[in-house]
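Here's the structure we're looking at; comments come further down.
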Amino acid sequence: MAIDPGVTLETDLELDRVVAGYGKMTILNETSFRVAKGAITTVIGPNGAGKSTVFKAIFGVLPVRGGTIRFAGRDITNWQPRDLLAAGICFVPQGRNIFPELTVRHNLELGGVTAPRGVDMAARLAAVMERFPVLRRKADVQASTLSGGEQKLLEIGRALLLEPKLLLIDEPSIGLSPLMVKEMFAVLLELRDRGVTILMVEQNAKSALEISDYGLVLELGRMRMQDKARTILEDPRVGQLFLGGGLVEAAG
Amino acid sequence: TAGSAAEPIKIADVIELSGTGATTGTNWRNAAAMAIDEINAKGGILGRQVQMTDYDTQTNPGVSRAQIQKALDGEPYVILGPIFSGSVKANMNLAQQAEIPQFVGAQAEELTHLGDDYLFRANLSQGAGMAKIANYIHDDIKAKSIAVVWVNNDFGKGGHDAILKQMASAGIKIAADISTESGQADFAADVVKAKSANPDAIFVYSNEEESARFLREAKKQGVAVPLVGETTLLGQKVIDLAGDAANGARGHVSLSPDAPIPAVQAFRDNFKKRYDNLPDHAAMQAYMAVYAIKAMTEKLGKVDSKALAAAFHGGTVTPAMEPNVLMDASWDKNGDVDRDSFLAEVVDGKQKIVAVLPRLAK
Amino acid sequence: MTPGVPKPVLEVRDLHKSFGGIGAVNGVSFEVHEGEILGIIGPNGSGKSTLFNCILGQLRPTAGQVTVDGQSVTGMRPCDLNRLGVSRTFQLLQVFPQLSVRENLLLAGQEHKGTMLSRLFGPRDAGLGGASDRMIEFFRLGPVADQKAGGLSYGQQKLLDAAMAFMGGPRLVLLDEPAGGVNLTMLANLRDRLKAINRERKSTFVVIEHNMEFVMALCTRILVLAEGRVIAMGDPETVRRDPDVIEAYLGH
Amino acid sequence: MTGLRRLLAIVLSLGAVAVLIAAPFDLKPYGVYILSLWAVTAIAVIGLNLMIGYAGQVSLAQGAFVGIGAYTTALLTTHGVPWIGALVASGGLSFAIGWLLGYPALRVQHHYLAFVTLAFNTLVGLIFRNEDWLTGGIGGISGIPRPSLLGWSTNPPRSFYLFCFAVLLLVALATWWLIRSPWGRAFVALRENPVRALSLGVDTRRYTLLAFALGSGLGGVAGALYAPLVQFIDPTPFGLGFSLNLLLMVIVGGSGFFLGPFVGTLVAVLLPEWLRFAQGYYLIIYAALVIILLAFCPTGLMGLFGRLTTALRPVPARPAAATLTETVP
Amino acid sequence: MGDLIHLITAGLATGAIYALVAIGFVLLWQTSQTINFAQGQFVMLPAFFVLAAMKQGGLPLWAAVLVGIAASVLLLGVGFKKLIVDPMRRHGVLPLVIATVALGLLLEESTKTLFSAQAEAFPALVPSTTFNVLGAPVSLQDLSIIGFAIVAVVALQLFLTRTTTGRCMQAAAQNPEVARILGIPVERMILLTFVINATLVAIASVLISPIYLAKFSNGGALGVAAFVAAIVGGFNQIRGAIVGGLLLGVVSNLAAAYISAQYRDAIPLILLILVILFRPRGLAGRAEERTV
Ligand SMILES: Nc1ncnc2c1ncn2[C@@H]1O[C@H](COP(=O)(O)OP(=O)(O)OP(=O)(O)O)[C@@H](O)[C@H]1O
Ligand SMILES: Nc1ncnc2c1ncn2[C@@H]1O[C@H](COP(=O)(O)OP(=O)(O)OP(=O)(O)O)[C@@H](O)[C@H]1O
Ligand SMILES: [Mg+2]
Ligand SMILES: [Mg+2]
């Protein structure tokens with residue numbers, strides 16, 4: 001699963017001096033970066049750096065106070081999620097995001113409510129369940145009874161129903177078994193190969209960067225580094241600060 | 001409490017304008033207001049305008065006490081209300097301390113036996129009312145046993161206790177003693193109970209809409225024995241609400257807007273014109289009380305609360321003194337009022353007075 | 001490996017838990033000896049969290065025995081268990097959102113200090129000021145120490161959750177995916193800290209985790225669950241090479 | 001609470017205390033009565049706030065506990081027991097019953113719990129009404145004496161007000177201490193995340209029952225003052241409506257704020273009085289105002305106060321973390 | 001025996017009324033996680049709209065009923081949602097509960113002041129003919145109420161569980177943030193909830209008032225009874241409303257006849273407490289979700 005730096009990659013998503021925060025606290029302070037089309041870009045950074053905040057800002061969950069966000073040439077700053085979905089952007093937030101009292105199947109179906117008429121939801125649903133068999137097995141139980149990992153799979157599956165152009169996915173590997181992480185990464189790679197742009201946050205950074213084309217270091221709400229994933233992976237200071245330099249030897 | 005001829009005479013109306021007592025309280029307030037407007041239009045009392053202020057007790061004794069206190073701070077000439085015995089009990093001693101006469105709609109027996117010589121009734125006590133009912137059941141209906149259906153609240157409980165006392169002394173057996181809730185909607189159980197006790201008559205003592213609902217259910221279950229009531233049951237409101245289910249209901253009416261007295265009927269029509277609903281007995285009490293006060297004050301020739309209270313003890317007002325007192329009424333030393341009252345029966349949707357019962361003291 | 005201390009700190013005997021007839025834990029037995037760090041791994045939905053919930057009294061096991069220091073604690077209330085020095089973290093974030101980080105920590109420790117009365121009339125911080133400061137210091141929560149916990153980032157909450165588990169100075173700690181969403185560098189510190197505590201206080205850990213690097217580097221022994229059954233148990237290397245484990249969990 | 005906010009709060013409350021002590025001396029008896037009513041009600045509301053605002057246990061039965069306290073006091077004092085004795089009995093009884101009423105809270109929460117307590121409130125009301133032999137039934141109990149302590153008779157309205165106010169102050173101080181103690185923290189834990197609290201050794205059962213018992217106990221204390229205030233009691237005032245009204249005072253004041261109950265009660269007791277000029281419309285206007293108030297500050301008046309003071313606070317510093325630019329330790 | 005049957009049929013009739021009101025509670029809870037303490041008053045009010053339309057507007061009954069429904073959809077549906085629910089929804093259940101308590105007071109007092117403080121007779125849509133069932137008189141009105149309650153429940157149950165819109169409504173209630181992220185029009189879903197509720201109460205009002213009589217103060221008791229019914233039946237299942245309502249009606253009749261008239265109101269409440277303690281989800285309710 002190597003990345004080919006050669007391919008020509010035009011910008012798909014662009015943040016330009018974006019300012020956002022909670023209450024009076026500013027978290028994103030003029031954050032700017034570009035995300036290449038049809039590539040996987042992984043954002044890393046310490047806990048509390050503002051990674052999720054970036055995603056919330058992009059997806060109109062958190063009001064953007066300054067700067068602009070562009071997608072496929074259009075200014076999408078402070079758009080409503082509904083319109084962003086229509087524009088082909090999907091968002092899988094961090095943590096637990098299900099409808100506890102609905103069945104797994106119904107949870108999944110809700111991922112496709114904004115799909116345009118014609119599309120064959122049933123088929124896509126089947127495809128997703130094919131991909132993650134556990135969802136089929138548990139299709140008719142209350143979603144809240146799923147295990148942590150199963151719930152995450154449910155969310156990931158749900159995001160695939162709309163066949164997005166840009167997928168924002170926040171720490172998808174949390175709670176997934178290594179096997180499932182592999183599976184999930186495989187899915188992402190397939191999507192990329194179909195030209196989908198993927199912006200992902202991962203704390204499980206080493207494995208993530210390995211399948212990524214680009215890496216992006218976020219810190220104190222600022223973009224510190226952006227480069228080929230490989231380069232980031234090999235940068236010693238990044239290794240020390242964010243990739244748990246120590247861990248590697250110890251485990252090695 | 002006197003004051004120069006210039007300033008108006010203040011009357012405080014401490015009454016149930018919200019809470020469970022709102023309906024009668026509003027009737028009372030409206031009638032009083034109407035009486036006072038009429039009086040002022042005719043030049044007031046002793047040439048002074050009369051000014052009434054309402055104080056809402058929310059049908060809550062604690063609040064009623066606060067409101068009486070507030071009313072007294074305004075130094076009124078007399079106080080009207082409240083109607084609920086609980087509220088009266090909670091606040092009467094304040095009026096007494098301030099030596100301001102208080103005309104209440106409460107019917108609980110004990111109130112006038114607490115040695116408060118500033119408390120006056122605007123209506124027959126339940127004791128007096130039930131005495132007349134007892135005679136009626138005994139003499140006219142000739143019932144040996146009755147079922148008593150009563151609303152378990154301030155108003156109904158007092159009546160219940162009174163009627164049981166009277167029945168005991170009249171030697172009439174209580175076949176069934178059925179307590180109901182105010183605001184109750186479904187009287188199936190109660191009618192079933194009353195029926196299965198097969199009494200010679202059923203005595204119904206409740207609020208207007210509950211009485212109406214009971215009458216309807218009784219009809220639904222085809223109750224045959226006479227349904228006897230005191231005042232409320234025979235009121236026009238109940239008749240309207242119950243429809244033809246009310247026909248045949250009979251009993252005693254302490255005050256009736258349908259009394260065969262021109263003045264009373266004039267009052268009823270004016271009230272209907274002004275408020276677009278029929279006056280109930282509470283309305284009549286208030287109306288008559290205001291005019292009684294006017295009559296008595298003019299007889300005294302001065303506006304003096306203490307003197308007024310004194311004058312009402314053993315005093316009598318008559319239509320001769322003031323046509324709008326509607327009927328002769330006299331108060332004894334306890335402040336209990338006595339008037340003529342009526343036996344009535346509901347005949348095709350109208351209350352028909354069948355007999356006038358003379359005052360006990362005559 | 002563990003020093004051969006005779007009596008196990010935690011002993012689970014043939015534990016069963018089923019939901020509406022469907023077994024989540026089907027006869028799990030194991031022992032944990034003083035000073036051990038036992039890792040529990042297994043596919044998503046294999047019953048790890050349920051196992052924890054049964055051990056700790058959050059759920060009533062359908063059948064089976066749990067003993068701590070030889071004393072049966074089956075069906076004992078979590079708070080009483082905790083007072084015996086058994087504490088835990090949850091897989092899904094479990095903090096007190098409206099309380100500040102510091103308050104969260106004080107709360108976590110206070111029931112282990114003094115009596116009901118001293119807690120009413122005694123000092124406000126129940127004499128835990130120092131301890132909480134040290135926790136905040138170690139988990140790098142200083143900058144957000146006085147923020148409401150609900151306003152922390154995912155990783156920060158995860159760390160706070162872990163910190164709380166240690167406030168009462170427990171002898172046995174059960175951690176459900178402590179690494180999820182935690183920055184790798186912080187994770188390295190966490191691992192070292194756990195080892196340190198384990199060495200100094202002779203306290204014992206049971207850790208559910210999907211991050212194999214972390215587990216391998218931390219645990220002295222690993223137990224593998226699948227479909228509610230133990231399919232392998234042993235030292236990290238053996239388990240890592242076990243074909244069943246690779247098949248069911250790690251992937252090739 | 002930041003330093004600024006605490007300072008403001010303290011200054012305001014001290015000022016308020018001073019005013020409230022001076023108030024009755026230039027008020028008519030009616031005004032004094034309303035103030036006394038405020039003080040008495042505030043005690044019950046403090047108790048309710050302890051349950052709801054801190055421990056997160058919804059109770060629609062506080063009115064019933066005021067009733068239990070009032071009846072206990074009425075019965076005892078009319079039979080010659082000194083008020084202090086009656087107070088202890090009222091508080092104690094309400095505490096005990098509150099403790100029992102807490103048990104359902106161990107099984108159910110939120111609206112379910114609310115309805116258990118609602119049912120309880122109605123049941124108590126029915127007992128007040130139907131058990132004439134004990135409670136005087138609908139007739140109620142009249143002629144309730146006002147206490148006289150060490151020769152000082154509280155019969156005059158002013159004295160009785162000051163007496164109520166003194167009790168209120170004591171209650172307030174005790175509560176203030178309680179909520180800032182680890183107990184207070186444990187109560188909040190019940191509200192915020194009982195599952196986690198339980199796993200941290202917080203005996204949620206004990207604290208839940210305590211919250212109920214303490215809150216209800218304060219209801220009883222309020223009752224012990226209500227009876228001698230009105231000097232007559234019957235079942236009507238202690239119905240569900242009253243409990244809802246007490247809840248309203250908690251929310252309007254700001255649930256979970258120490259000063260909430262004082263403000264909330266003030267609004268609920270005084271506002272209708274101020275509005276009485278509107279004659280028949282005063283309740284309509286009152287209800288409308290409450291709705292508007294909640295629409296603009298759902299967190300209650302203290303919540304609003306909080307928002308205003310935070311507006312004065314400096315912007316919090318952006319949380320820092322290790323940086324690439326700083327040299328690696 | 002005849003008595004017993006009669007008590008039961010009569011109880012069922014009253015129970016149906018409770019059920020009709022209870023449906024609203026359950027609906028609001030399931031689709032917006034709100035509790036409306038003014039629901040009783042909501043049912044009381046439309047009757048007066050109808051009366052006004054007949055008296056002032058001089059309309060025939062059927063037209064007046066349409067006017068009533070329209071008015072209630074406007075005021076009790078759209079108005080209620082926009083002016084009261086929206087500002088408070090985010091702040092948990094309690095502020096809204098209190099606001100609705102105040103709203104209940106507002107509606108009662110306004111009705112009393114603007115319409116009438118007295119009970120008013122209300123014209124019946126269905127003739128009040130009664131016929132015998134096993135020797136117990138049953139009126140057409142009773143049947144129409146039971147009928148409508150059942151239809152409403154079945155329809156809503158299907159709508160919520162079988163249609164995407166219905167599920168979107170539930171989703172919007174259970175997790176608004178995520179619903180928004182998935183592009184579910186949360187606001188519109190909630191509005192829909194309240195419009196449905198408003199329509200229901202209006203129809204309920206028209207069906208109930210001929211029996212109950214139209215009175216400003218009817219709401220309180222009715223509301224509480226319906227609440228109890230909803231909880232007993234199961235707060236998270238529409239069908240619970242029917243089960244609870246009918247049970248409640250019968251139980252209180254039997255209690256009044258055979259246990260104690262004075263404590264007739266106590267028996268259903270004791271039932272309520274028992275149900276909550278031993279089957280919190282309610283008799284027809286669904287089990288609550290996984291907590292740990
Ligand atoms: N809802 C909130 N209210 C207030 N502050 C918040 C909120 N959410 C996040 N923050 C603050 O914003 C900063 C960035 O949070 P964010 O969730 O973006 O971090 P992150 O990079 O995603 O961290 P992690 O890797 O742990 O998920 C943190 O300091 C956090 O305290
Ligand atoms: N309350 C419940 N009701 C029904 N089924 C449940 C319940 N809790 C857990 N389960 C089922 O039990 C199985 C084990 O769940 P558990 O959470 O223990 O898995 P896990 O090993 O922790 O998985 P993960 O690694 O994803 O956290 C799952 O299939 C889950 O669906
Ligand atoms: Mg994040
Ligand atoms: Mg798990």
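In what follows, every chain begins at residue 1, and chains take the letters A, B, ... in the order their sequences are listed. Scope of the values below: all heavy atoms of this structure, side chains included, with no hydrogens, waters or symmetry mates.
- The minimum heavy-atom distance linking A:Arg65 with A:Thr26 is given by the pair NH1-OG1, 3.6 Å.
- Other residues, nucleotides and ligands contribute more than 12 heavy atoms inside 6.0 Å of the NZ atom of A:Lys182.
- Ring geometry, A:Phe91 versus A:Phe59: the interplanar angle falls from 30° to 60°, so the pair is classed tilted.
- With a threshold of 4.5 angstrom between heavy atoms, C:Ala179 does not approach chain A through any atom at all.
- Both the backbone and the side chain of A:Leu176 come within contact range of chain C, judged by heavy atoms closer than 4.5 Å.
- Residues A:Lys206 and A:Glu210 are not paired through a salt bridge, judged by the lack of any N-O separation under 4.0 Å between the basic side chain and the carboxylate.
- Among the candidates A:Lys138, A:Gln203, A:Lys51, A:Glu183, the residue making the largest number of heavy-atom pairs closer than 4.5 Å to chain C is A:Gln203.
- Neither the backbone nor the side chain of C:Leu152 comes within contact range of chain A; no heavy atom of the residue lies under 4.5 Å from a heavy atom of that chain.
- For A:Ser147, the part lying under 4.5 angstrom from a heavy atom of chain C is the side chain only.
- Between chain A and the residues C:Ala248, C:Gly251, C:Gly181, C:Ser153, the largest count of heavy-atom pairs under 4.5 Å involves C:Gly181.
- Enclosure of atom CD in A:Glu234 by more than 12 non-hydrogen atoms of other residues, nucleotides or ligands within 6.0 angstrom is indicated.
- Salt bridge annotation for A:Glu109-A:Arg158: absent, with no cationic side-chain nitrogen under 4.0 angstrom from a carboxylate oxygen.
- At a 4.5 Å heavy-atom cutoff, C:Leu93 makes no contact with chain A through either its backbone or its side chain.
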